Protein chains: 2
Amino acid sequence: MLSKTCEYAIKATLYLAQKAHQSERANVKTIAKAIDSPDAFTAKVLQQLVKHGIVTSVKGTNGGFFIEPQTLPNLTLLQIVVAIEGDGLVKDCVLGLKNCSNVNPCPMHDKYAPIRDNILNMLQSLLVNDLATQLEQNMIFLKSK
Amino acid sequence: MLSKTCEYAIKATLYLAQKAHQSERANVKTIAKAIDSPDAFTAKVLQQLVKHGIVTSVKGTNGGFFIEPQTLPNLTLLQIVVAIEGDGLVKDCVLGLKNCSNVNPCPMHDKYAPIRDNILNMLQSLLVNDLATQLEQNMIFLKSK
DNA sequence: GTTAATTAGGATAAAAATGTCTTATTTTGT
DNA sequence: ACAAAATAAGACATTTTTATCCTAATTAAC
Ligand code: FES
Ligand code: FES
């Protein structure tokens, strides 16, 4: 469904959103530990997020990653997913046909297209900021117990 | 969403279901052409389907692959998907947590779990036999125009 | 200024997915 | 029996994904 890269991207962003509520930043090692991901690979993912303007980085002592206060309020999971793996998940044919449409529907189109819309809707409606709040209240978790 | 292997498996099975309606079998080359997939790789996928009892093969001249009349009526896309890639798609946490449950929900669980149920439902309700009929009526297609 | 801490970037590696090729093996038709 | 046609199986190759490592660049603290 989602690539590992995308999973890490979402979790890292949510962790940083939580930190943002306390006006704190975090370094790679801390983030990787918090989301149970490999350090070096997580660093690469964070680089991608920086390039896409989703998170910001600061080098040097006491440096790290954080989310700008102005980007946080409207940031959705969709933006993260699209940044990392494009919009294939919410646009492409589930059976790999070149153009998904009612003109040349694949055998799954009729039942899948609405589900894909639900996925798009879910990703759009999941606000990073809201999820950060739920994380703080221990209602949701970024790693297995 | 689905692996290429799984895409080919579904398309190949549907093509054979169509053939089954005419009590015909088909060889790898014909199938691969019909579903727009690489011959050799498709052969491997068909081997997997044979091992899982979803299709049957006959060697030698006029041999090929077909679906047994008794397996066709109740065959669902879910059976194909599970045979090829297991039940992860309809069971696993979308963010890779080890146990998907309400006890330790990930940030997407509440909204994703119902969608995953929809996917399961879709795969269960899509009968290979019905889709074969729709293929014959040119209502649906196995490859892009 | 020097050192330590940190991200950035490039090179490399390992694993998995996808795809190809070659050689059995089996079956049918002649 | 023999030849042809087809799948089965194993080896091999390529590409993509996932992961690691090393060096450079930057920043802050002392
Ligand atoms: S054509 Fe396959 S999902 Fe639309
Ligand atoms: S815990 Fe992630 S989908 Fe259920």
Side-chain angles (χ1 to χ4, degrees), chain A residues 1-13 15-16 19 24-33 35-68 81 84-86 88-89 92 95-96, chain B residues 1-13 15-16 19 24-68 81 83-86 88-89 92 95-96:
Chain A
M1 186 84 179
L2 295 176
S3 63
K4 283 287 169 194
T5 305
C6 200
E7 289 180 14
Y8 299 153
I10 290 173
K11 292 184 202 173
T13 304
Y15 179 75
L16 288 173
K19 286 285 173 189
E24 284 178 13
R25 50 177 79 142
N27 62 29
V28 175
K29 225 173 170 179
T30 308
I31 296 170
K33 196 156 197 177
I35 70 174
D36 201 19
S37 64
D39 300 28
F41 192 71
T42 304
K44 293 295 187 191
V45 176
L46 285 163
Q47 271 183 51
Q48 291 186 59
L49 289 173
V50 170
K51 277 182 188 157
H52 282 94
I54 291 169
V55 311
T56 309
S57 67
V58 179
K59 286 182 177 179
T61 308
N62 297 325
F65 298 88
F66 66 99
I67 302 178
E68 301 279 1
V81 171
I84 298 297
E85 52 186 30
L89 178 62
D92 289 353
L95 287 179
Chain B
M1 188 81 179
L2 295 177
S3 63
K4 284 287 170 197
T5 304
C6 199
E7 288 180 14
Y8 300 153
I10 290 173
K11 292 183 199 171
T13 303
Y15 179 74
L16 288 174
K19 286 287 174 188
E24 282 178 12
R25 49 178 78 144
N27 62 29
V28 174
K29 226 174 172 180
T30 308
I31 296 169
K33 198 158 198 177
I35 70 175
D36 202 19
S37 64
D39 300 27
F41 193 71
T42 304
K44 293 296 186 189
V45 177
L46 285 164
Q47 273 184 50
Q48 291 186 59
L49 289 173
V50 170
K51 278 181 189 160
H52 282 94
I54 290 168
V55 311
T56 309
S57 66
V58 177
K59 286 183 178 178
T61 307
N62 297 323
F65 298 88
F66 66 98
I67 303 179
E68 301 279 2
V81 170
I84 298 298
E85 53 187 27
L89 178 63
D92 289 353
L95 287 179

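Remember, it's a predicted structure, so these values are computed and weren't measured experimentally. Below, each value reflects all heavy atoms present in this structure, side chains not excepted, and no hydrogens, waters or symmetry copies. Reminder, nothing fancy here: chain letters follow the sequence lines and each chain counts from 1.
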- prompt: Within the pair B:Q47 and D:dT7, is there a side-chain N or O less than 4.0 Å away from OP1 or OP2?
  reply: no
- request: Could you check whether A:K29 gets within reach of a base, just the sugar-phosphate, or nothing at all, counting any heavy atom under 4.0 Å?
  value: nothing
statement: Nearest heavy-atom contact between A:L16 and A:F65 is CD2-O, 3.3 Å
- line: Given the options A:I31, A:I54, A:N27, A:L46 meets side chain to side chain contact (heavy atoms under 4.5 Å, CB included) only with A:I31
- request: Take the protein atom CD1 of B:I35 and the nucleotide atom C1' of C:dT18, then report the distance between them rounded to whole Å.
  value: 14 Å
- prompt: In whole Å, what is the span from the CD atom of B:Q48 to the C1' atom of D:dT7?
  reply: 15 Å
- line: All heavy atoms of B:S37 vs all of B:I35, minimum pair found to be OG-CG1, 3.2 Å
query: Tell me: CG of B:L46 to P of D:dA6, nearest whole Å?
result: 14 Å
- prompt: Could you write nucleotides 11-26 of chain D as a row of B, S and -, 5' to 3', where a protein heavy atom under 4.0 Å of any base atom gives B, of only sugar-phosphate atoms gives S, and otherwise -?
  reply: -------BBB-----B
Under 3.5 Å, side-chain donor or acceptor atoms of residues 1-13 of chain B against the rest of the protein: list the pairs with distances, not counting sequence neighbours.
from	atom 1	to	atom 2	distance (Å)
B:S3	OG	B:C6	N	3.1
B:S3	OG	B:E85	OE1	3.0
B:K11	NZ	A:L95	O	2.9
B:T13	OG1	B:A9	O	2.7

- prompt: To the nearest angstrom, how far is B:K51 atom NZ from D:dG10 atom C1'?
  reply: 11 Å
message: Tell me the closest heavy-atom pair linking B:P38 and B:A32, and the distance in Å.
response: C-CB, 4.4 Å
statement: Sorted by position of nearest nucleotide on DNA chain C, 5' first, the leading residue of B:V58 and A:S57 is A:S57
- prompt: Are A:N62 and D:dT27 close enough that a side-chain N or O sits under 4.0 Å from OP1 or OP2?
  reply: no
Integer-rounded Å distance: C:dA5 P and A:F65 CZ: 17 Å
- prompt: So, the side chain of A:R25 versus the backbone of A:N62: is there a donor-acceptor pair under 3.5 Å, distance only?
  reply: yes
query: What is the distance, rounded to the nearest whole Å, between atom CG of A:N27 and atom P of C:dA8?
result: 12 Å
